[in-house]
Peer 1: 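Before we start, here is the structure in question, set down as structure tokens.
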Number of protein chains: 2
Amino acid sequence: MNIFQMKAFIETAQAASISKAAHHLHLTQPAVSQQLQSLEKCLGHQLFLRSNKGVKLTEYGNIFYSYAQSFITLWENLQNDLATVEENHTSLRIGTCAAIGQYALPCALYLFKQKKPQLSVSVQSFPSLQILGQLREHSIQIGFIQNGCDLKDFNYSPVLKSRFILAAPPSTTVTSLDLTDLHTIPLICSSDDSDLKKALRLSLLEYGFELNLLTPLLELDGIESIKSTV
Amino acid sequence: MNIFQMKAFIETAQAASISKAAHHLHLTQPAVSQQLQSLEKCLGHQLFLRSNKGVKLTEYGNIFYSYAQSFITLWENLQNDLATVEENHTSLRIGTCAAIGQYALPCALYLFKQKKPQLSVSVQSFPSLQILGQLREHSIQIGFIQNGCDLKDFNYSPVLKSRFILAAPPSTTVTSLDLTDLHTIPLICSSDDSDLKKALRLSLLEYGFELNLLTPLLELDGIESIKSTV
DNA sequence: TAATGTTACGGTTGTCGTAAGAATC
DNA sequence: GATTCTTACGACAACCGTAACATTA
């Protein structure tokens, strides 16, 4: 009987589905199913009614639901309490890739500072691979990176999904475009070793498209430069 | 992070000693030590200051102590709640060996009934081995037995330690007695297949004494009969 | 067929007990 | 030496992911 099983239970109850909960928890569906079975065995009561349309809480499940929420809340408060007593951690060091650091992070950081005003936060931008190295040596405590890195041995969770936008100048007359048409138009994209291009290449590979076969008109470093040029 | 680790933590904090806590928890000392280390790793803080005189709570340990107590209380209330909702369990069937059933259980049962007045409790006495069989087939829900049974596959916990008393008639003049002297005096003890005699034999074996070598004057069934005869 | 769930199985990780080590009274 | 806690190691159980299966809209 552990805290994580309670989290799995709550996720499942809220989603009314083991598969959906598994997805939220970044686990496979059988794994969550197993945890719930273990939980039921431990409590000695069936918590869910299973069907092929999902799951529903039993009477016992409803009782346990309120307790599980209490457990989670207690757990979160505990962690807050332990963290605030931490004298040496009045500062938080964050490393981030350029994309997150320029757009998503500033707003999130502003909201975070309102909740923890006494905490001094430092943020620096680096390429994703470099951030992983800094995490390994504890020179930063949190890192934001872009997809396509080997995250073995790290605690991680996805925080943002973004789409790639093909930006055209205002004068353009093209209204629809196929991937194969990319060969035919003059392109400007970021330079080869940038995080952005790596992620873009990975995404396009999922559609069977090899980005490296393109010969762009220009290669620029940084999204803002590209936007200006277009 | 599980409930049991918190129990281990609380036991250790209260006993200010890992060894003593391990004894209370029916575990070995290294096992508890390992659980506490796991707990500290999970929380990210050292909870105890170790020394060769025992352990002492750190500042973080003190914070966690109050939380751990809350967790345990929450856990116990949960189990109570789940149990009281149980419609089919408004009756509790208990099997017990004679020794417990005649002396310790009636008082305990009286106190228990005050806490759960709506619960109907049935108690029947059987030999210890028979009780294990009834537990296996769920014909009783709780069993009290005497030492010396194979408890594999059962959930069990010691509830009572008792001493064996050598009872002599009021007229006796003997003031001290060695185990080896047992051969020289006329003995009355319970019959061979009784739980009591089995337990007595096991206990005496720990002192290197084989009870079966004695040839008692009388073998009677039941403590009350023996007391009368003496 | 696509969605839900479960069961089976192999590899990895966690947990226990035994045994041995280190430190202190 | 006795007591304290820790570390090392082997056996066993728990847990996750893959794969295969069952059921139903």
Side-chain angles (χ1 to χ4, degrees), chain A residues 1-58 60-61 68 150-158, chain B residues 1-58 60-61 64 150-158:
Chain A
M1 166 60 54
N2 56 49
I3 301 290
F4 179 72
Q5 287 178 330
M6 302 196 189
K7 282 187 184 164
F9 168 82
I10 287 192
E11 275 292 339
T12 305
Q14 287 175 346
S17 154
I18 300 184
S19 332
K20 291 193 181 69
H23 193 250
H24 294 159
L25 297 165
H26 305 296
L27 286 175
T28 59
Q29 179 271 322
V32 177
S33 199
Q34 193 180 340
Q35 290 300 330
L36 296 178
Q37 284 169 14
S38 161
L39 192 59
E40 288 176 324
K41 188 181 167 190
C42 169
L43 294 171
H45 296 288
Q46 193 171 345
L47 299 174
F48 289 109
L49 294 169
R50 274 86 160 169
S51 77
N52 54 341
K53 300 173 69 176
V55 297
K56 224 182 75 180
L57 285 177
T58 63
Y60 292 114
D150 179 15
L151 292 176
K152 198 159 143 38
D153 301 331
F154 287 95
N155 288 322
Y156 64 94
S157 99
Chain B
M1 166 60 53
N2 55 49
I3 302 290
F4 178 72
Q5 286 178 331
M6 302 198 188
K7 282 188 183 165
F9 168 82
I10 288 192
E11 276 291 338
T12 305
Q14 287 174 346
S17 155
I18 301 184
S19 335
K20 291 193 181 67
H23 193 249
H24 294 160
L25 297 165
H26 305 295
L27 285 175
T28 60
Q29 180 271 321
V32 177
S33 198
Q34 195 178 340
Q35 290 300 330
L36 296 178
Q37 283 169 15
S38 160
L39 193 59
E40 287 176 324
K41 188 182 168 190
C42 169
L43 294 171
H45 295 289
Q46 192 170 345
L47 300 173
F48 290 110
L49 295 169
R50 274 86 161 169
S51 77
N52 54 345
K53 301 173 69 177
V55 295
K56 224 181 74 178
L57 285 177
T58 63
Y60 293 114
F64 182 62
D150 179 16
L151 292 176
K152 196 160 143 39
D153 300 332
F154 287 96
N155 288 321
Y156 63 95
S157 98

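Within every chain, numbering begins at 1; the chains are lettered A, B, ... in the order of the sequence lines, protein sequences first and strands thereafter. In this text, all values refer to a predicted model and were calculated from it rather than measured experimentally.
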Peer 1: Please figure out whether Asn2(A) or Lys53(A) has its closest DNA chain D nucleotide nearer the 5' end.
Peer 2: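 Result: Asn2(A).
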Peer 1: Hey, could you give me the CG/CG distance between Leu57(B) and Leu47(B), rounded to the nearest 0.5 Å?
Peer 2: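 That separation rounds to 8.0 Å.
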Peer 1: Kindly give the heavy-atom pair with the smallest separation between Ser17(A) and Val55(A), and that separation in Å.
Peer 2: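 Smallest interatomic distance, heavy atoms only, reads N-CG2, 3.7 Å.
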Peer 1: Can you give me the first and the last nucleotide of DNA chain D (5' to 3') that has an atom within less than 4.0 angstrom of a non-hydrogen atom in chain A?
Peer 2: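 With heavy atoms of chain A under 4.0 Å away, the range is dC15(D) to dT24(D).
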Peer 1: Check whether any side-chain heavy atom of Ile10(A) lies under 4.5 Å from a side-chain heavy atom of Gln14(A), and answer yes or no.
Peer 2: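 Yes, close enough: below the 4.5 Å cut-off.
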Peer 1: Rounded to the nearest Å, what distance is computed from the CD atom of residue Gln37(A) to the P atom of nucleotide dA8(C)?
Peer 2: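 Whole-Å distance recorded here is 11 Å.
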Peer 1: One pair to check against side chain to side chain contact (heavy atoms under 4.5 Å, CB included): His23(B) and Gln29(B). What are the steps and the verdict?
Peer 2: CA-CA 8 Å; His23(B) 193 249; Gln29(B) 180 271 321; over 6 Å; no
Peer 1: Identify, residue by residue, the members of residues 4-17 of chain A with a heavy atom below 4.0 Å from DNA chain C, and return them in order of residue number, or none.
Peer 2: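 Per residue number, the list reads Ser17(A).
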Peer 1: Nearest 0.5 Å, what's the CG-CD distance between Leu36(A) and Gln46(A)?
Peer 2: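 These two atoms lie 11.5 Å from each other.
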Peer 1: Any donor and acceptor pair, going by atom type alone, linking the side chain of Glu11(A) with main-chain N or O of Ala8(A) inside 3.5 Å?
Peer 2: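 Not a single qualifying donor-acceptor pair exists.
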Peer 1: Going by ring pair (Phe, Tyr, Trp, His ring centres under 6.0 Å), name the residues that satisfy it together with Phe64(B), two or more places apart in sequence or in a different chain.
Peer 2: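 With neighbours one apart ignored, the set is Phe9(B).
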Peer 1: Between Gln34(B) and Val32(A), just flag the one whose closest nucleotide in DNA chain D comes earlier from the 5' side.
Peer 2: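 Upstream on the strand: Gln34(B).
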Peer 1: Among dC16(C), dG5(C), dA23(C), find the nucleotide with the atom closest to the side chain of Val55(A).
Peer 2: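 Per side-chain heavy atoms of Val55(A), the pick is dG5(C).
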Peer 1: Go through residues 22-30 of chain B and report each residue with a non-hydrogen atom lying under 4.0 Å from DNA chain D, sorted by number.
Peer 2: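 Those residues whose heavy atoms fall under 4.0 Å from DNA chain D, taken from residues 22-30 of chain B in numerical order, are Gln29(B), Pro30(B).
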Peer 1: Can you name the side chain to side chain contact (heavy atoms under 4.5 Å, CB included) partners of Thr58(B), sequence neighbours left out?
Peer 2: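 Once residues adjacent in sequence are excluded, the partners of Thr58(B) under the side chain to side chain contact (heavy atoms under 4.5 Å, CB included) criterion are Leu49(B), Tyr60(B).
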Peer 1: Check for a donor-acceptor pair, side chain of Glu40(A) on one end and backbone N or O of Phe48(A) on the other, with a separation under 3.5 Å.
Peer 2: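 Yes: the side chain of Glu40(A) pairs with the backbone of Phe48(A).
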Peer 1: Report the residues that fulfil side chain to side chain donor-acceptor pair (under 3.5 Å) with Gln34(A), sequence neighbours left out, ordered by chain and then residue number.
Peer 2: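 Here no residue qualifies.
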